[in-house]
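Working notes, beginning with the structure itself.
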Amino acid sequence: QLHLVESGGGLVQPTGSLRLSCEASGFALGRYAIGWFRQAPGKEREGVACMSSSGTSINYADSAKGRFTISRDNAKNSVYLQMNELKPEDTAVYYCAADGLGNTARAMSQGRVPRPDEYDYWGQGTQVTVSS
């Protein structure tokens with residue numbers, strides 16, 4: 001079975017940092033385009049950052065530009081989201097997602113983060129709370 005498991009969430013003060021991890025099992029994550037999403041209570045799931053399977057194309061939501069960095073380590077079958085200068089409005093459950101069908105290619109080429117329905121596999125999420 002194919003699984004994605006996120007970790008690294010927690011409670012952090014404003015301006016602090018967190019590094020989220022997402023480890024895949026059952027498939028080679030390096031062959032998949034990946035994305036990080038978040039969902040706050042009462043809000044729709046929104047894309048934060050994405051990376052092509054080759055790693056050569058990366059896009060960020062405006063809210064994440066300059067503060068968040070997406071990366072991957074294929075040897076560890078993992079992807080990461082480094083989040084700096086966190087704000088209370090970053091509070092949400094964060095999810096990683098993988099696309100193995102190429103559905104995210106068009107969005108990536110247009111410079112945007114793909115929609116959630118363009119990804120095939122999802123993790124269970126990890127809570128990030130930014131509060132003093």
Side-chain angles (χ1 to χ4, degrees):
Q1 289 188 343
L2 310 182
H3 289 289
L4 294 170
V5 179
E6 300 95 337
S7 60
L11 173 64
V12 63
Q13 292 186 342
T15 74
S17 298
L18 280 176
R19 186 191 192 213
L20 305 183
S21 300
C22 174
E23 183 174 4
S25 61
F27 65 107
L29 192 57
R31 298 180 181 177
Y32 289 68
I34 57 173
W36 282 98
F37 290 76
R38 67 187 183 187
Q39 189 165 18
K43 294 187 177 181
E44 293 186 352
R45 190 167 298 189
E46 64 169 343
V48 174
C50 59
M51 177 183 283
S52 61
S53 57
S54 66
T56 57
S57 181
I58 294 174
N59 295 332
Y60 293 97
D62 288 343
S63 59
K65 288 179 181 177
R67 300 189 300 127
F68 294 3
T69 302
I70 188 173
S71 62
R72 68 196 307 162
D73 185 338
N74 292 338
K76 295 183 179 180
N77 217 25
S78 295
V79 299
Y80 307 97
L81 185 68
Q82 177 67 42
M83 305 187 295
N84 299 327
E85 295 295 324
L86 283 162
K87 306 173 182 180
E89 51 264 43
D90 294 318
T91 295
V93 177
Y94 283 71
Y95 301 88
C96 66
D99 164 37
L101 299 177
N103 292 328
T104 59
R106 181 173 184 178
M108 292 292 299
S109 68
Q110 294 173 338
R112 60 179 177 87
V113 180
R115 300 187 311 269
D117 64 358
E118 292 173 316
Y119 287 89
D120 312 305
Y121 303 105
W122 290 85
Q124 83 292 345
T126 185
Q127 175 70 47
V128 172
T129 302
V130 184
S131 175
S132 55

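Source: prediction; values computed, not measured.
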Can you name the residues that form a side-chain hydrogen bond (donor to acceptor under 3.5 Å, both in side chains) with [X], not counting sequence neighbours?
{"X": "E44", "answer": "none"}
{"X": "T56", "answer": "S54"}
{"X": "Y94", "answer": "R38"}
{"X": "R106", "answer": "none"}

Check whether any side-chain heavy atom of V12 lies under 4.5 Å from a side-chain heavy atom of M83, and answer yes or no.
no
Shared ILVMFWY cluster between Y119 and F68, side chains joined below 4.5 angstrom?
no
Should Y121 and I70 be regarded as members of a common hydrophobic cluster, given that ILVMFWY residues are connected when their side-chain heavy atoms come within less than 4.5 Å of each other, either directly or indirectly?
yes
Residue set satisfying salt bridge (Lys or Arg N to Asp or Glu O under 4.0 Å) with E6, at least two apart, ordered chain then number -> none
Side-chain hydrophobic cluster, 4.5 Å single linkage: members besides M108:
none
Residues clustering with L101 (ILVMFWY side chains joined when closer than 4.5 Å, directly or via others)
none
Might you point out which heavy atoms bring [X] and [Y] nearest each other, and give the distance in Å?
{"X": "A49", "Y": "L81", "answer": "CB-CD1, 4.1 Å"}
{"X": "A107", "Y": "N59", "answer": "O-ND2, 4.0 Å"}
{"X": "G123", "Y": "Y95", "answer": "O-CD2, 3.6 Å"}
{"X": "I58", "Y": "M51", "answer": "CD1-CE, 3.4 Å"}
{"X": "W122", "Y": "P116", "answer": "CZ2-O, 3.3 Å"}
{"X": "T129", "Y": "Q127", "answer": "OG1-NE2, 3.3 Å"}

Residues two or more places apart in sequence or in another chain: which of them pass side chain to side chain contact (heavy atoms under 4.5 Å, CB included) with K65?
Y60, D62
Would you list the atom pairs, donor with acceptor, under 3.5 Å between side chains in residues 13-37 and any protein atom, with sequence neighbours excluded?
{"from": "S17", "atom 1": "OG", "to": "N84", "atom 2": "OD1", "distance (Å)": "2.9"}
{"from": "W36", "atom 1": "NE1", "to": "Y80", "atom 2": "O", "distance (Å)": "3.3"}

Please report the interatomic distance OG(S131) to CG(D90), rounded to the nearest 0.5 Å.
12.5 Å
Show me the pairs that pass disulfide (SG to SG under 2.5 Å) and involve residues 102-132, at least two apart or across chains.
none
Residue pairs fulfilling disulfide (SG to SG under 2.5 Å) with at least one residue in residues 30-86, sequence neighbours excluded
none
Taking D99 for its side chain and G102 for its backbone only, find out whether a donor-acceptor pair lies under 3.5 Å.
yes
Residues 109-120 vs salt bridge (Lys or Arg N to Asp or Glu O under 4.0 Å), sequence neighbours excluded, gives R115-D117, R115-E118
